Amino acid sequence: MLDERYRAILETRSHRPEAIVEAAARRVRPTSLFNDDGRLMIIAADHPARGALRAGQRPLAMADRIELLDRLCLALSRPGVNGVLGTPDIVEDLLLLGALDGKVVIGSMNRGGLAGAVFEIDDRFTGYDAAALALAGFEGGKMLLRIDPDDPATAATVESCARAVGELAGRRLMAMIEPFIAHRVDGRVRIDLSPDATIRAMTVAAGLGTTSAYTWLKVPVVDEMERVMAATTMPALLLGGEVRADQDATFERWRVALKLPTVRGLVIGRSLLYPPGDDVAATVDMAVGLLREGTG
């Protein structure tokens, strides 16, 4: 049975879609990108638009939109969480729920490289663009940049990301780039998480666009993070990746990486929204605690 909040979303989308624009205009904007600890703590929820619905052992965990929204609203309500990353459908549901007042909103821009598709590396821009983000009053845009040296489709993605960086910067909006080196293995795209590959991807991303003034990097936690993060002066946010059964080990890797000077926060999705044990509030609070430790 849907509660009244979700019934209202369905009615609004059916009968008064202009209410979404009105909700964006009413949103109380954050006074800073950062939380009270001087860090950025963002909950990521742009996976479904790329057809990536798995979380841990649940292949379709993120397919239940009401459950996903419940988990997002809970995570966003926790102290220290000051932002969300999502595609228009997710962000607009959250706007209608009134969950984004005072929150940093980063719109996801390229979701066209659908998971498992033969054209996966061709990450076309199918979500937000810079003009739409500025019009809605959001704080930035995020793009995925997977670089496969053996796939010609990489070139178009690189060029599109470079253009988006410049367009965002021209509006003084954050350009968040998530770069990886990728390869096809048995027909499927696999990310190379070695330190050298991560460094190479980061250096390509940092050089995109007409200016790097508003560029941030979204990076995985890999081995030799001190050497990896020495490759750039761009502010960086750590991504969570897949849900891991050994959560303590994951948190320990985050804890160490958060002490590096260029690391400014976390952008975590499934690891916090669908954690082992399913206690979203406690898991989010633990992640925020790691951020606070890193300020010391």
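Basis for what follows: all heavy atoms, side chains included, without hydrogens, waters or symmetry-related copies. This is a predicted model, so every value here is computed, not measured.
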**Q** Applying ring-ring contact (aromatic ring centres under 6.0 Å, His included), name anything that partners Phe251, two or more places apart in sequence or on another chain.
**A** Trp254
**Q** Under 4.0 Å between a Lys/Arg side-chain N and an Asp/Glu carboxylate O for Arg188 and Asp186?
**A** no
**Q** I'd like to know if the side chain of Ser194 and the backbone of Ala197 have a donor-acceptor N/O pair within less than 3.5 Å.
**A** yes
**Q** When you compare the side chain of Ile90 with that of Arg65, does any pair of heavy atoms fall below 4.5 Å?
**A** yes
**Q** Can you tell whether the side chains of Glu178 and Arg146 come within less than 4.0 Å, N to carboxylate O?
**A** no
**Q** After noting the C-alpha distance and the side-chain angles of Glu167 and Arg163, does the key distance pass the salt bridge (Lys or Arg N to Asp or Glu O under 4.0 Å) rule?
**A** CA-CA 6 Å; Glu167 291 172 351; Arg163 186 180 307 113; 5.1 Å; no
**Q** Yes or no on side chain to side chain contact (heavy atoms under 4.5 Å, CB included) for Leu94 and Leu69, after CA distance, side-chain angles and deciding distance?
**A** CA-CA 7 Å; Leu94 293 172; Leu69 291 172; 4.1 Å; yes
**Q** Go through Lys218 and Leu238 one step at a time and tell me if the side chain to side chain contact (heavy atoms under 4.5 Å, CB included) criterion holds.
**A** CA-CA 6 Å; Lys218 180 174 183 257; Leu238 304 179; over 6 Å; no
**Q** So, using side-chain hydrogen bond (donor to acceptor under 3.5 Å, both in side chains) as the criterion, who are the partners of Arg78 when residues are at least two apart?
**A** Asp285
**Q** Are the side chain of Arg292 and the backbone N or O of Ala287 linked by a donor-acceptor pair below 3.5 Å?
**A** no
**Q** Say whether, by atom type as modelled, one donor and one acceptor occur between the side chain of Lys103 and the main chain of Val84 under 3.5 angstrom.
**A** no
**Q** Could you tell me which non-hydrogen atom of Thr262 sits nearest to which non-hydrogen atom of Thr232, and how far apart they are?
**A** CG2-O, 3.7 Å
**Q** Could you walk me through whether Val256 and Glu252 pass the side chain to side chain contact (heavy atoms under 4.5 Å, CB included) check?
**A** CA-CA 6 Å; Val256 172; Glu252 181 58 29; 3.7 Å; yes
**Q** Minimum heavy-atom separation for Leu273 and Ala75, please, with both atom names.
**A** CD2-CB, 4.1 Å
**Q** If you take all heavy atoms of Gly80 and Met41, which pair is closest and at what distance?
**A** O-CB, 3.3 Å
**Q** Hey, are Arg71 and Glu67 close enough for a salt bridge, meaning a charged N less than 4.0 Å from a carboxylate O?
**A** yes
**Q** Ion pair present between Arg227 and Asp196, side-chain N to carboxylate O less than 4.0 angstrom?
**A** yes
**Q** Is there a donor-acceptor pair under 3.5 Å between the side chain of Arg111 and the backbone N or O of Asp46?
**A** yes
**Q** Tell me whether the count of non-hydrogen atoms from other residues, nucleotides or ligands lying under 6.0 Å of CD in Gln57 goes above 12.
**A** no
**Q** Are Leu260 and Met202 co-members of a hydrophobic cluster defined by side-chain heavy atoms under 4.5 Å apart?
**A** yes
**Q** Where is the tightest heavy-atom contact between Ala205 and Leu217, given as atom of each residue plus distance?
**A** CB-CD2, 3.8 Å
**Q** Donor-acceptor check, side chain of Arg27 to backbone of Asp101, threshold 3.5 angstrom: yes or no?
**A** no
**Q** Kindly give the heavy-atom pair with the smallest separation between Ala55 and Ala61, and that separation in Å.
**A** CB-CB, 3.7 Å
**Q** Are any of the side-chain heavy atoms of Tyr214 and Arg172 separated by less than 4.5 Å?
**A** yes
**Q** Salt-bridge test for Arg253 and Asp223: reply yes if a basic N is under 4.0 Å from a carboxylate O, no otherwise.
**A** yes
**Q** Quick check: is Val221 connected to Val267 through a chain of hydrophobic side chains (ILVMFWY, heavy atoms under 4.5 Å apart)?
**A** no
**Q** Could you walk me through whether Glu22 and Arg16 pass salt bridge (Lys or Arg N to Asp or Glu O under 4.0 Å), step by step?
**A** CA-CA 10 Å; Glu22 295 166 3; Arg16 210 168 73 82; 3.0 Å; yes
**Q** If you compare all heavy atoms of Ala99 against all heavy atoms of Leu76, which two are closest, and at what distance to 0.1 Å?
**A** O-CD1, 4.2 Å
**Q** Is it true that Phe138 and Val165 fall in one hydrophobic cluster, defined by side-chain heavy atoms closer than 4.5 Å?
**A** yes
**Q** Before accepting this row, confirm whether a basic side-chain N of the pair Asp93/Arg13 lies closer than 4.0 Å to the acidic partner's carboxylate O.
**A** yes
**Q** So, Arg29 and Glu139, do they make that salt bridge, N to O below 4.0 Å?
**A** yes
**Q** Without swapping roles, check the side chain of Asp3 against the backbone of Tyr6 for a donor-acceptor pair under 3.5 Å.
**A** yes
**Q** Is there a path of hydrophobic side-chain contacts, each under 4.5 Å between heavy atoms of I, L, V, M, F, W or Y residues, that connects Leu95 with Leu173?
**A** yes
**Q** Does Asp37 use its side chain to pair, donor to acceptor, with the backbone of Arg39 at less than 3.5 Å?
**A** no
**Q** Treating Arg58 as the side-chain partner and Arg54 as the backbone partner, does any N or O pair qualify as donor plus acceptor under 3.5 Å?
**A** no
**Q** Tell me whether Thr198 contacts the main-chain N or O of Val222 through its side chain, where contact means a donor paired with an acceptor under 3.5 Å.
**A** no
**Q** Assess the side chains of Tyr128 and Asn110: does a donor N or O sit below 3.5 Å from an acceptor N or O?
**A** no
**Q** Look only at the side chain of Ser14 and the backbone of Glu11, and say whether a donor-acceptor pair between them is shorter than 3.5 Å.
**A** no
